[in-house]
Amino acid sequence: MSRIGVFICHCGENISRTVDVERVASQASLMAGVAFSTDYKYMCSDPGQTLVKKAIAEHNLTHVVVAACSPRMHERTFRKAAEQAGLNPYLCEMANIREHCSWVHENREEATQKAIEIVGMLIERVKKNRILPTITVPVTKRALVIGGGIAGIQAALDVADCGHQVVLVEREPSIGGHMAQLSETFPTLDCSQCIMTPKMVDLANHPNITLHTYSEIEQVDGYIGNFQVTIRKKARSVDEHKCTGCGICITKCPQKKIPNIFDCNIGMRTAIYVPFPQAVPNVPVIDRENCTMFKSGKCGVCQKVCGPGAIDFTQEDILITEPVGAIIVATGFELYTITEKAKGSPIKGYGEFGHGKIPDVIDGMTFERLASASGPTGGKILRPSDGKEPKQVVFIQCVGSRSREKGISYCSKVCCMYTAKHTMLYHHKVHDGQAYVFFMDARVPGKSYDEFWRRSIEEEEAVYIRGMVSRLYQKGDKIVVMGSDIAVGVQVEIEADLVVLATAVQPQKGADLLAQKLGISYDKYNFYSEAHAKLRPVECATAGIYLAGACQGPKDIPDTVSQASAAAAKVMALFSKDRLEREPIVARVKEATCVGCFACKKVCAYGAVEEKEIRDRQGNLLKVIAYVNPGVCAGCGTCQATCPSKSVELDGYTDEQIVAMIEAL
Amino acid sequence: MNPENKNRFEPKIIAFVCTWCTYAGADLAGTSRMQYPANVRVIKFPCTGRIDPVFIIKAFQQGADGILISGCHPGDCHYIAGNYHARRRFAAFRKLLEFIGVDLNRIQFSWVSAAEGGKWVDVVTDLTERVRNMGPMVEFKELALEEQWSGGLDSPDLQQVYEAI
Ligand SMILES: Cc1cc2nc3c(=O)[nH]c(=O)nc-3n(C[C@H](O)[C@H](O)[C@H](O)COP(=O)(O)OP(=O)(O)OC[C@H]3O[C@@H](n4cnc5c(N)ncnc54)[C@H](O)[C@@H]3O)c2cc1C
Ligand code: SF4
Ligand code: SF4
């Protein structure tokens, strides 16, 4: 038999002005199962809560209904009070007679009648409430960071500095990402390598960080606090432990004419290589496609010259498994290559800009490599075709970006700023040169950003032309750029020596495949989706997975670093407890009736439904049924309304509870 | 009740709403002290995805004259996609109700966000007035009675059904 206590709040006069609270209390006392009923001026106040607790003890109450404001206000308050008085908190319900009644109705009779009915519904509901134990899941206090650009490096360092173990997985032979390729960085023009490499070294030397470069994520199992990640360490052909990084192999390798992707294919590298001199780890990789040994079985020069005997042509990919509690995804971006039309891409290329055909039409990252002191030209701006110093350079912004017809409607966010930077770097290096910029708008919000952009015009003499380029073509050793200046309304034609295209920032190729392994969502461009655009910008909807950097959308370095530290803070909050506590509003499968149709699995947006084998004592498989992982379930109840055999039930919102409310009408 | 409305039909409206958007929107109507008819009774769910069509039938049986189902706008679901599942489910269910002869004007499906206190008021007021004009819903109430009944079969249709079983 339930002994329900009903507590009607006046809320000062907020409720009692329109609702006859005494009558509600006396009516409630007549309802079946009610053992005690009273009203009080401020139920949520200290004396009010004490009143509730005392009544629970004195009247041996089994359930509590507090009729007051919205449960969104004070459900927690009263459940806690009930818990302190020894009741399971989920045996306490609130009836909303303020927001849903006294405040929205003027007629005292109608409002009182409605309040009585609302209380009646909650009384019937609470009778069906069950004791729900708090659910806790263990937390493995190790984090996985995917991607070793500035986002991943920052996040890994933050988590590791807090004393937790971090595993960082980077696909390339070295960490660093795009920032390692940049020359100088806006808005301060400090040298990228100078601020980046110390962080890379810190990371490599950090006692709490395990670094797997030249590695990729193979498989992800588990859920928040308890992931199992399988990592494929690709065969490097060099033993990481034996290699001292002396680099003698690199100097002796006969294959010297392989375009270096790190230098945007302007510079060359050998078959055994590190992508750039400051690489971390400073351990070379053999590019098997171009190595003579792998191609024809002859050579092996590197092996002969390597003192510590680190070269191992027989090395194979290995799979390792790491248990982690949280995952930070920081896989960054890539630039769209705007040749005629990239294979398999829905995005139409810019054939009219001659990229890929005219050697002196380059993209922004290539310009960064030309301007970089450690780049293939030693920091001299020399054009790729003939190595001459260009005297007229045309920069074209928004190539790919903001163009619905071409397939990308978003703004790439960093191009206005880096183009302004490029004009400055160019002017610093080629004093008698002239930079022209074709642009649609200057989108330069950010601390010191507008000032920076203005400086490129006012001090560095860049000529900005508002309008798009319609066509460009090679004429002798010049590139004729034809466009319109819509501000003045005239056609312009510039004979340029070099053209730099600010191409769209796009997600990494295969970003969708990684997302599928992780079970996180992504938008139509393959940028990863945050749980809430404003209030949860660093969390994925999938619990325990966080986002940092350009993989979530185009971002500059300050924003990337902020988001990385924010993601790290989320991970640290998760790791602050040994067990993760969560509201026990989760779905449960009734094993006896589940027929294993997995309709629930199809509708669950969180991947909380797993398959469970039921076996007899001899181990024979009887059936495969659904199991809801309470660590992952978000408690929406969609599965329950979908299940054709009524075999899954959401605790706290069972059919019994809902039907009891309907029947109380 | 106003004296002039004494004999006016007061419909019972049941609202099945999600916690995150519509329940919060109704709360906002309260905090903004907006006014609407007192006929509606709210039943809260975590998500519209949890709302089983059976509840609608049950509510009609128990004397509801009109039903409102309301959740987060498409794309805003707190649980990613629960409201899409709900929308699909109710699209199919409406057909079924229509088939068994329920006037679909008694059922309203709407999206009310946590910021739309005014929309909540409009939706509830419109539905209440519409159902008031339609008069009481009797079909399912009679069914509910028949279900519990244990005496003679007095209606010829039922007699016929009984024979057929
Ligand atoms: C031409 C140009 C100039 C710029 N100049 C500036 C500037 O001056 N100032 C400024 O603030 N910003 C600038 N930016 C923006 C800056 O480059 C980005 O903000 C920054 O690089 C983003 O860092 P990230 O770590 O998110 O991504 P990335 O730098 O792209 O790093 C991602 C890393 O993840 C790795 N990775 C990818 N996929 C996987 C996978 N599946 N598994 C494992 N690892 C993976 C990649 O190899 C890479 O190392 C510029 C951008 C461009 C294009
Ligand atoms: S074996 Fe391959 S990597 Fe080594 S030196 Fe020869 S070509 Fe270069
Ligand atoms: S309640 Fe929602 S989140 Fe939980 S298992 Fe069911 S569908 Fe998935």
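The figures that follow rest on heavy atoms only: side chains count, while hydrogens, waters and symmetry mates do not. All chains are named by letter (A, B, ...) in the order of the sequence lines, taking the proteins before the strands, and each is independently numbered beginning at 1.
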Practice prompt. Start with the C-alpha distance between B/I14 and A/I662, add both sets of side-chain angles, then the distance that settles side-chain contact (heavy atoms from CB on, under 4.5 Å), and finish with yes or no.
Written response: CA-CA 8 Å; B/I14 307 292; A/I662 298 175; 5.6 Å; no
Residue [X] versus chain A: region with a heavy atom under 4.5 Å:
X     : answer
B/Y84 : neither
B/V54 : neither
B/R89 : side chain
B/S32 : neither
B/I51 : backbone
B/A86 : neither

Worksheet item: Which distance, rounded to the nearest 0.5 Å, do you find between the NZ of B/K44 and the CD of A/E93?
Response: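 One finds 7.0 Å between NZ of B/K44 and CD of A/E93.
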Worksheet entry | Rounded distance [0.5 Å steps], CD in B/Q61 versus CD in A/E663 |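 Between atom CD of B/Q61 and atom CD of A/E663 there are 9.0 Å.
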Worksheet item: More than 12 non-hydrogen atoms from neighbouring residues, nucleotides or ligands closer than 6.0 Å to CH2 on A/W103, yes or no?
Response: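 Enclosed: over 12 neighbouring heavy atoms sit under 6.0 Å from CH2 of A/W103.
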Fill in: Enclosure of A/R588 CZ (heavy-atom neighbours >12, cutoff 6.0 Å)
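Count not over threshold, so no.
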Worksheet item: Is it true that a side-chain atom of A/H100 and a backbone atom of B/V42 form a donor plus acceptor pair closer than 3.5 Å?
Response: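 No, A/H100 side chain to B/V42 backbone: no donor-acceptor pair under 3.5 Å.
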Worksheet item: Is there a donor-acceptor pair under 3.5 Å between the side chain of B/Q35 and the backbone N or O of A/E106?
Response: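 Yes: the side chain of B/Q35 pairs with the backbone of A/E106.
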Where [X] and [Y] come nearest, the two heavy atoms and their spacing:
X      : Y      : answer
B/K12  : A/L665 : NZ-C, 3.7 Å
B/G49  : A/A641 : O-CB, 3.2 Å
A/C636 : B/Y79  : CB-CG, 3.2 Å

Discussion item. Run the side-chain contact (heavy atoms from CB on, under 4.5 Å) test on B/Y36 and A/H105 for me, step by step, so that the C-alpha distance in whole Å, both residues' side-chain angles and the decisive distance to 0.1 Å come before the verdict.
Written reply: CA-CA 7 Å; B/Y36 57 86; A/H105 309 309; 4.0 Å; yes
Worksheet item: chain B: which of A/M661, A/R108, A/E117 shares the most heavy-atom pairs with it under 4.5 Å?
Response: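 Most heavy-atom pairs under 4.5 Å with chain B: A/E117.
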Taking side chain as everything from C-beta outward and backbone as N, CA, C, O, which of these in [X] sits under 4.5 Å from a heavy atom of chain B? Side chain, backbone, both or neither.
X      : answer
A/T642 : both
A/N14  : side chain
A/M121 : side chain

Worksheet item: Does the pair B/W120 and A/V104 meet the rule for a side-chain contact (heavy atoms from CB on, under 4.5 Å), with working shown?
Response: CA-CA 11 Å; B/W120 167 255; A/V104 288; over 6 Å; no
Worksheet item: When you look at B/K58 and A/I658, which way does the side-chain contact (heavy atoms from CB on, under 4.5 Å) test go after all the steps?
Response: CA-CA 10 Å; B/K58 195 79 203 165; A/I658 306 299; over 6 Å; no
Report the option among [options] that has the most heavy-atom pairs separated by less than 4.5 Å from atoms of chain A.
options             : answer
B/I80, B/D27, B/D52 : B/D27
B/N39, B/V40, B/L28 : B/V40
B/M34, B/R41, B/H85 : B/R41

Worksheet item: So, B/R50 and A/D655, do they make that salt bridge, N to O below 4.0 Å?
Response: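 Counted as a salt bridge, because a side-chain N and a carboxylate O are separated by less than 4.0 Å.
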Item to complete: For chain B, find its close neighbours in residues 64-71 of chain A: heavy-atom separation under 4.5 Å, sorted by number, or none.
Response: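 Counting heavy atoms that sit under 4.5 Å from chain B, the residues of residues 64-71 of chain A involved are A/S70, A/P71.
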